[in-house]
Amino acid sequence: MSSVSTGHLLERLSAYAEAAMRDALGIEAPNADVRAATNPRFGDYQINGVLPYAKSLKANPRQLAEKVVAALDTEGVCLAPEIAGPGFINLRLDPAWVAADVAARAFDPRLGVAPVATPQTIIVDFSSPNVAKRMHVGHLRSTAIGDAIVRTLKFLGHKVTGDNHVGDWGTQFGIILWAWKNHRDEAALERDAIGELERLYKLGQAAGKADPAVAEAARLELAKLQSGDPENTALWERFVVISRAEAEDVYRRLEVEFDSWNGESHYNDALPGIVDDLLARGLAVETQGAVGIFFDEPDLPDTPYLIRKSDGAYLYATTDIATIHERVDVLGAERIIYVVDVRQSDHFRQLFATCRKIGYGHVTFEHVGFGMMLGADGRPFKTRDGGTVLLESLLDEAEERILPLVQEKWPDASEEDQRKIAAKVGMGAVKYADLAQNLGTDYKFEWDKLLAADGNTGPYLQYTLVRTLSVVREYESRVGAPFAPERATVTLTTDEEKDLAYELVRLGDVVMRVGDSLRPHFLCEYAYNLARRFNAFYAKCPILKAEELLASRMTLTRATWQALEVALTCLNIPRVSRM
RNA sequence: GCGCCCGUAGCUCAGCUGGAUAGAGCGUCGGACUUCGAAUCCGCAGGCCGCAGGUUCGAAUCCUGCCGGGCGCACCA
């Protein structure tokens with residue numbers, strides 16, 4: 001193995017450990033189970049993999065561990081390994097190796113983290129707002145988490161398409177078309193196009209519920225649209241354009257971009273063929289006039305997965321299957337990730353089971369489900385009068401709340417600049433709060449907590465990055481020249497320097513882990529720990545007045561800056577140079 | 001009724017898919033700016049991991065049963 005760093009330390013230690021287990025124990029493809037040590041007393045990393053083999057090899061685990069240690073060559077990365085407890089092998093990184101590794105990577109924009117050896121073609125389906133509806137807080141999690149997953153996977157070198165599968169087709173259009181034709185207000189449309197569409201939709205929905213004749217009329221409008229009626233098609237296109245413009249405003253503020261916008265309507269033409277094919281192959285059957293797929297797996301719902309209604313119309317499920325056909329057969333997707341509300345998990349389990357039946361067993365399907373956003377009172381997050389909180393107003397409020405602090409800390413800046421910073425800090429704080437919490441369960445949204453610069457928050461990370469930049473700026477103004485890569489060197493003298501350096505070499509492992517687990521909060525946790533260690537280092541160790549340690553401490557600062565850049569870029573939290 | 005998810009410090013949450021003596025933040029209390037940005041840092045206190053069994057070298061993590069909460073259950077997406 002080459003001794004050149006790839007930035008993936010865990011991978012490297014695993015390779016060493018597995019080679020040793022193979023040689024010493026004769027195991028074909030051993031699982032060394034190398035991981036970060038659970039406690040500093042046990043070193044930095046531990047090899048846990050020997051223990052499980054003790055039984056099958058009918059041997060004393062400690063003796064096995066001794067054999068493995070004898071065969072273990074870490075090429076200078078670690079000090080002499082130790083055997084502890086029932087058969088753990090504790091690894092301590094060689095501080096000299098860590099120092100050299102950090103120094104070698106400090107100026108690299110990727111902090112030396114190499115792309116994966118085998119890139120995959122991956123589709124991430126996220127955000128997906130509905131046409132004729134403003135984006136509200138419910139869209140935030142999908143957008144922020146999906147975007148972070150896309151960016152992290154791209155950073156790892158995968159071929160990723162972030163797709164906005166917008167809800168631009170289906171039942172709701174019958175309702176909007178009916179409401180448009182009967183209740184539209186042109187003046188309101190001029191003033192606030194999306195607001196007017198939203199009003200019409202709500203009005204149509206209520207009217208349809210109250211009066212079956214209206215519901216029937218809406219269905220007829222939908223049928224006309226689906227059969228290509230020119231008037232309805234033109235209206236539909238108009239609605240889509242209005243909605244997209246509105247959504248793009250929000251995405252601009254969130255600094256989120258998509259690689260494609262293949263909404264549901266993109267798959268219309270494929271729907272009949274999907275149903276016919278599944279019927280012909282006997283995978284789907286007619287049931288009570290509709291067409292559905294039944295499963296015998298016990299943990300799947302016993303209700304069929306419907307792909308065609310009794311009135312002949314197609315469903316969400318049909319579109320999703322069509323979407324998968326295109327993603328796999330045309331785009332060559334090997335992994336498809338859905339970042340959607342956890343409440344839809346039954347739908348996705350049925351969808352994935354359907355895909356296995358169809359023959360897409362070689363494709364990895366994953367549903368990244370997330371919980372609801374709750375208010376501080378633990379109830380669904382609403383406005384004071386019980387309405388839905390719009391994403392835009394959430395961002396406005398974040399900006400307003402953070403602005404006074406920016407004005408206080410940076411009084412000589414123009415108001416425009418202050419607002420710019422406040423917007424970036426506020427938006428980052430809101431997004432970060434969403435990303436930092438593990439997925440799955442609902443999460444509590446509390447302004448004071450997420451806007452604080454103490455604790456695991458966006459502002460804290462941004463502040464720390466600003467500090468690193470500020471040190472580098474100060475260096476340049478004092479020395480009169482940039483801190484150049486040729487000067488990179490690291491000597492670890494204090495605990496704070498050592499803790500910081502040891503955190504820096506872990507970046508690649510963490511990014512890798514996020515790519516596998518699709519849980520961005522691991523990266524948040526890492527960035528937070530790194531920031532804490534930098535701030536502890538900063539408080540304890542003079543940098544610019546360090547005399548002979550100047551270059552070393554500048555290198556650590558530079559590397560921290562770079563690592564935070566990588567983390568914040570993957571999470572898509574705005575990087576600011578002042579705040 | 002069936003299915004899925006969750007119960008960890010006063011509060012908000014981690015806990016690397018079974019590893020060693022369970023960790024952070026907030027809050028409380030006490031310290032640190034004539035020095036690179038104090039939106040920072042350091043310290044103290046705080047626990048029957050909902051309860052009871054089981055699996056094994058080893059359980060907050062896996063299995064079973066309770067208790068308590070959330071969510072979803074044919075023609076919406």
Side-chain angles (χ1 to χ4, degrees), chain A residues 10 33 35-39 41-42 46 48 51-52 54-55 61 84-88 90 128 130 167 169-172 264 287-292 298-311 313-317 319-320 340-347 349 369 371-372 374 376 402 405-406 408-410 425 436-438 440-444 446 448-449 451-457 459-460 462-464 466-467 469-475 478 509-510 513 516-517 519 521-522 524-525 528-529 532 535-546 553 557 578-579:
Chain A
L10 209 45
D33 192 16
R35 57 182 66 199
T38 52
N39 186 311
R41 281 190 312 125
F42 306 133
Q46 53 190 55
N48 293 344
L51 239 35
K55 186 173 269 183
F88 300 109
N90 295 338
S128 310
N130 289 318
W169 199 252
T171 316
Q172 77 266 29
E264 292 171 359
T287 165
Q288 297 176 21
V291 176
D299 58 334
L300 286 176
D302 49 11
T303 53
Y305 192 51
L306 292 184
I307 56 174
R308 194 174 72 198
K309 303 203 283 184
S310 51
D311 68 1
Y314 302 101
L315 293 135
Y316 183 34
T319 311
D320 270 353
V340 181
D341 194 336
V342 74
R343 286 176 297 188
Q344 292 187 41
S345 59
D346 280 349
H347 163 75
R349 287 191 306 151
M372 272 193 302
L374 304 176
I402 217 77
L405 198 54
V406 176
E408 182 193 326
K409 298 294 167 187
W410 200 22
V425 175
Q437 174 143 349
N438 196 0
T441 46
D442 299 338
Y443 94 104
K444 225 174 244 191
E446 292 172 84
D448 291 342
K449 190 159 289 181
L451 293 176
D454 300 334
N456 191 6
T457 66
Y460 180 74
Q462 290 170 319
Y463 174 77
T464 306
V466 167
R467 264 190 157 175
L469 294 172
S470 183
V471 171
V472 173
R473 274 196 296 261
E474 187 63 22
Y475 173 95
R478 289 190 192 186
D509 293 338
V510 175
R513 191 171 163 218
D516 291 337
S517 67
R519 287 191 272 181
H521 83 278
F522 289 130
C524 295
E525 193 176 61
Y528 173 55
N529 282 326
R532 292 180 70 203
N535 284 319
F537 157 75
Y538 181 91
K540 182 78 185 296
C541 307
I543 301 168
L544 298 177
K545 293 185 176 172
R553 291 180 174 170
T557 303
R578 295 173 199 281
M579 65 185 275

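In what follows, every chain begins at residue 1, and chains take the letters A, B, ... in the order their sequences are listed.
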Side-chain H-bond candidate by donor/acceptor type, A:Y316 with A:Q344, under 3.5 Å: yes
Could you tell me the Watson-Crick or G-U partner of B:U17, where both distances fall under 3.5 Å? Say none if there is no partner. none
Taking atom P of B:U40 as reference, at what distance in whole Å does atom CZ of A:R532 sit? 12 Å
Which is true for A:R553 with a 4.0 Å heavy-atom rule: it touches a base, it touches only sugar-phosphate, or it touches nothing? nothing
Examine B:A77: is either OP1 or OP2 under 4.0 Å from a nitrogen or oxygen in the side chain of A:S128? Give yes or no. no
With a 3.5 angstrom cut-off on both distances, give the Watson-Crick or G-U wobble partner of B:C11, or none if there isn't one. B:G25
Between A:H521 and B:G15, is there a side-chain N or O to OP1/OP2 distance below 4.0 Å? yes
Taking donor-acceptor contacts at under 3.5 Å, does the side chain of A:N90 reach the base of B:A20? yes
Sugar-phosphate only, base, or nothing, as touched by A:S310 at under 4.0 Å among non-hydrogen atoms: base
Measure the distance from CG on A:N535 to P on B:G25 and round it to the nearest whole Å. 13 Å
With rounding to whole Å, what would you report as the distance between B:C41 and B:A24 at their P atoms? 14 Å
Could you tell me how far B:A77 sits from B:A20 if I compare only their C1' atoms? Round to whole Å. 49 Å
Name the nucleic acid region contacted by A:L315, choosing base, sugar-phosphate or nothing; use a 4.0 angstrom heavy-atom cut-off, strictly under. sugar-phosphate
Which part of the nucleic acid, if any, lies within reach of A:Q462 when heavy atoms closer than 4.0 Å are counted: base, sugar-phosphate only, or nothing? nothing
With sugar-phosphate meaning primed atoms plus P, OP1 and OP2, does A:N48 contact a base, only sugar-phosphate, or nothing at under 4.0 Å between heavy atoms? base
Base B:A77 to side chain A:T319, donor-acceptor N/O within 3.5 Å cut-off: no
Does the side-chain ring of A:F42 lie flat on the base of B:A20, meaning centres under 5.5 Å and planes less than 30 degrees apart? yes
Would you measure the distance from the C1' atom in B:C62 across to the matching atom in B:U55 and give it in whole Å? 8 Å
With syn defined as a glycosidic angle within 90° of 0 and anti as everything else, classify B:C33. syn
To the nearest angstrom, how far is A:D454 atom CG from B:A24 atom C1'? 13 Å
Sugar-phosphate, base or nothing in reach of A:L300, heavy atoms under 4.0 Å: nothing
Is B:A39 paired to anything, Watson-Crick or G-U wobble with both distances less than 3.5 Å, and if yes, which nucleotide? none
Quick one: is B:G15 close enough that its OP1 or OP2 comes under 4.0 Å of any side-chain N or O from A:N438? yes
To the nearest angstrom, the CZ-C1' distance between A:R35 and B:G19 comes to 7 Å
I'd like the C1' distance from B:C73 over to B:U17, given in whole Å. 28 Å
Base, sugar-phosphate alone, or nothing: which one does A:E408 contact when heavy atoms must sit under 4.0 Å apart? nothing
Between P on B:A20 and CZ on A:R41, what's the gap in Å once rounded to a whole number? 10 Å
Syn-anti status, with the boundary at 90° from 0, for the nucleotide B:U55: anti
Distance between P atoms of B:U61 and B:U21 (Å, rounded): 15 Å
Report the distance from atom CD of A:E525 to atom C1' of B:G25, rounded to the nearest whole Å. 11 Å
Do the side chains of A:Y528 and A:Y460 get nearer than 4.5 Å, heavy atoms only? yes
Base, sugar-phosphate, or nothing for A:A436, non-hydrogen atoms under 4.0 angstrom? nothing
Any chance the side chains of A:N438 and A:Y443 put a donor and an acceptor closer than 3.5 Å? no
Contact between A:I543 and A:Y538 at the side-chain level, heavy atoms closer than 4.5 Å - yes or no? yes
Pair partner, B:U64 [Watson-Crick or wobble, under 3.5 Å]: B:A52
Indicate, with a heavy-atom threshold strictly under 4.0 Å, whether A:A36 touches base, sugar-phosphate, or nothing. base
In B/S/- notation (B base, S sugar-phosphate only, - none; protein heavy atoms under 4.0 Å), nucleotides 30-38 of chain B written 5' to 3' is -----SBBS
Starting at atom CZ of A:R349, determine the distance to atom P of B:C5, rounded to an integer number of angstrom. 7 Å
Pairwise P distance for B:G50 and B:G37, with rounding to whole Å: 46 Å
Check ion pair A:R349-A:D346 (N to O, under 4.0 angstrom): yes
On a whole-Å scale, what distance lies between the C1' atoms belonging to B:A74 and B:G10? 47 Å
Sugar-phosphate, base or nothing in reach of A:H347, heavy atoms under 4.0 Å: nothing
I'd like the P distance from B:C57 over to B:G15, given in whole Å. 28 Å
Could you tell me whether A:Y528 contacts a base, only the sugar-phosphate backbone, or nothing, with contacts defined as non-hydrogen atoms closer than 4.0 Å? sugar-phosphate
ring centroid sep under 5.5 Å plus plane angle under 30, A:Y460 with B:A39: no
Which nucleotide, if any, forms a Watson-Crick or G-U wobble pair with B:C71, using both distances under 3.5 Å? B:G3
Look at A:T303 and B:C73 and indicate whether a side-chain polar atom (N or O) is within less than 4.0 Å of OP1 or OP2. no
Separation of B:G15 atom P from A:R513 atom CZ, nearest Å, is 7 Å
